[in-house]
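Only one structure is covered here, and it is reproduced in the block below.
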Amino acid sequence: MAVTLAWTPWVPPFDPRWGDSATVIEDEHGRLIETADCGIRCPGCGICCAGYRDVVAADYAGVEEYEANLKLVRGNLVKQESGSWYRVATCGQTCPGYDHCCQPFEQRQRPETVADARRVLLEDATAPRWAMQEALLILAHEGTAEAVATLEAYMPVAHTKLAGFAECAQDEGRYFASVPRNTEEEHRMMQQEVRQAWEDRSIAAQSKIWEDIEPELARRKYEMEIAQRLLHKAQNEADRETWQTQVDVLQMFVIQAEDNLAEEQAEVALCDAMVAEIEADLAAGS
């Protein structure tokens, strides 16, 4: 006598397809498939193929099939102690989620270098989340300025579910980039710190010239020019003495401002010479 079995999908414990806000669809046969959604960055956890084992007890169209047909035609089936047949989780065209899920663990093309990590995070719009996580780990522990720059460039466009992870990676990356790993790096970082100090000193001197000394000098010269005009217009000796005194005082202010300008220009030249020499050492690796 024929026995018709109701077909029900099997949902394994802690099914990754339902977790972490994964995008799940149910096909015409009632099978659950986690989609990659490459256009919006796959939220998959990378183990979604573990949830593709669906119980097979009847034809997909609702017509009962003999057990032998299931084994011969469908293939890749496993019989449980309960007598139910389940599809084995394999990567191939027999899988209902084929070409829709993340690659199985052993088949993944993993990022290995900083360049790979940059490509995954900033250039590949179809990168799955597991690849982005591994890329962030690479950059976090690389300890180079390039890695930190990549992390900083990624932060504004970080996947919503990776924002916290990326922030931690950025903090670690900055830390490792600031800690020398050997005596050569320690010496180079010392040179960079000294160069930065002299660059800051040069910037401070140049800023003082642009913001204070040059405006002051221009103002004093203009005042002296006006006082000289009034001196030439004076009609009597008393007025000429008054305006001559003003011209002498203003000329003293002009000379003082010019001295200040020359002093700060010499400071800038000295700092720039120091910076240039330090940069030469850095370029030579000495």
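Between Glu152 and Arg174, at least one side-chain nitrogen of the basic residue sits less than 4.0 Å from a carboxylate oxygen of the acidic one, meeting the salt-bridge criterion.
Put simply, CG on Leu162 and SG on Cys168 are 11.5 Å apart, with the number rounded to the nearest 0.5 Å. Taken to the nearest 0.5 Å, the CG atom of Asn260 stands 12.0 Å off from the CD1 atom of Ile255. To the nearest 0.5 angstrom, Ile138 atom CD1 is 10.0 Å from Arg110 atom CZ. Atom-to-atom distance recorded for Met190:CE and Thr183:OG1 is 11.5 Å, nearest 0.5 angstrom. Distance check: Glu263 CD to Lys208 NZ gives 7.0 Å after rounding to the nearest 0.5 Å. Remark: Gln196 CD to Asp200 CG distance equals 4.5 Å, nearest 0.5 Å.
Looking at heavy atoms from C-beta onward, Tyr154 lies out of side-chain contact with Leu139 at the 4.5 angstrom threshold. Side-chain contact between Arg201 and Glu267: present, with at least one pair of heavy atoms (C-beta onward) separated by less than 4.5 Å.
Listed by first then second residue, pairs satisfying ring-ring contact (aromatic ring centres under 6.0 Å, His included) with a partner in residues 175-196 read His141-Phe176, not counting sequence neighbours.
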- Task: Start with the C-alpha distance between Gln256 and Asp259, add both sets of side-chain angles, then the distance that settles side chain to side chain contact (heavy atoms under 4.5 Å, CB included), and finish with yes or no.
- Result: CA-CA 5 Å; Gln256 183 179 3; Asp259 290 342; 5.5 Å; no
- Task: For Arg195 and Gln191, run side chain to side chain contact (heavy atoms under 4.5 Å, CB included): C-alpha distance rounded to whole Å, both residues' side-chain angles, the deciding distance at 0.1 Å, then the answer.
- Result: CA-CA 6 Å; Arg195 178 186 61 182; Gln191 290 175 308; over 6 Å; no
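Of all heavy-atom pairs between Ala205 and Glu264, the closest is CB-OE1, 3.5 Å. Residue Gly173 comes nearest to Leu151 through the heavy atom pair CA-CD1, 4.3 Å, listed as atom of the first residue, atom of the second, then distance. Nearest heavy-atom pair, Lys221 versus Val254, reported as atom, atom and distance to 0.1 Å: N-CG2, 3.8 Å. Minimum heavy-atom separation, Leu217 to Glu258: CD1-CG, 3.6 Å. Annotation for Pro111 and Ala117: closest pair CB-N, 4.2 Å, computed over non-hydrogen atoms. Nearest heavy atoms, Glu214 versus Leu261: CG-CD1, 4.2 Å.
Environment of CD in Gln235: sparse, with no more than 12 heavy atoms of neighbouring residues, nucleotides or ligands closer than 6.0 Å. Glu277 CD: 12 or fewer foreign heavy atoms inside a 6.0 Å radius. Atom CD of Glu185 sits in a crowded spot, with more than 12 heavy atoms from other residues, nucleotides or ligands closer than 6.0 Å.
For Glu223, the salt bridge (charged side-chain N to carboxylate O under 4.0 Å, His left out) test picks out Arg220, with sequence neighbours left out.
The closest donor-acceptor contact from the side chain of Ser202 to the backbone of Trp198 lies at 3.5 Å or more, if one exists at all.
Leu121 and Phe165 fall within the same hydrophobic cluster, where Ile, Leu, Val, Met, Phe, Trp and Tyr residues are linked whenever their side-chain heavy atoms come under 4.5 Å apart, directly or through other members. Linking Ile, Leu, Val, Met, Phe, Trp and Tyr whenever their side-chain heavy atoms come within less than 4.5 Å leaves Trp210 and Ile203 in two separate clusters. Met189 and Val148 fall into different hydrophobic clusters, where Ile, Leu, Val, Met, Phe, Trp and Tyr side chains are chained together by heavy-atom contacts under 4.5 Å.
Looking only at atom types and distance, the side chain of Asp248 has a donor-acceptor partner in the side chain of Gln244 under 3.5 Å away.
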Using atom types as modelled, flag every donor-acceptor pair under 3.5 Å from a side chain in residues 225-234 to any protein atom, sequence neighbours excluded.
unit_1	atom_1	unit_2	atom_2	d
Glu225	OE2	Arg229	NH2	2.7
His232	ND1	Gln228	O	3.3

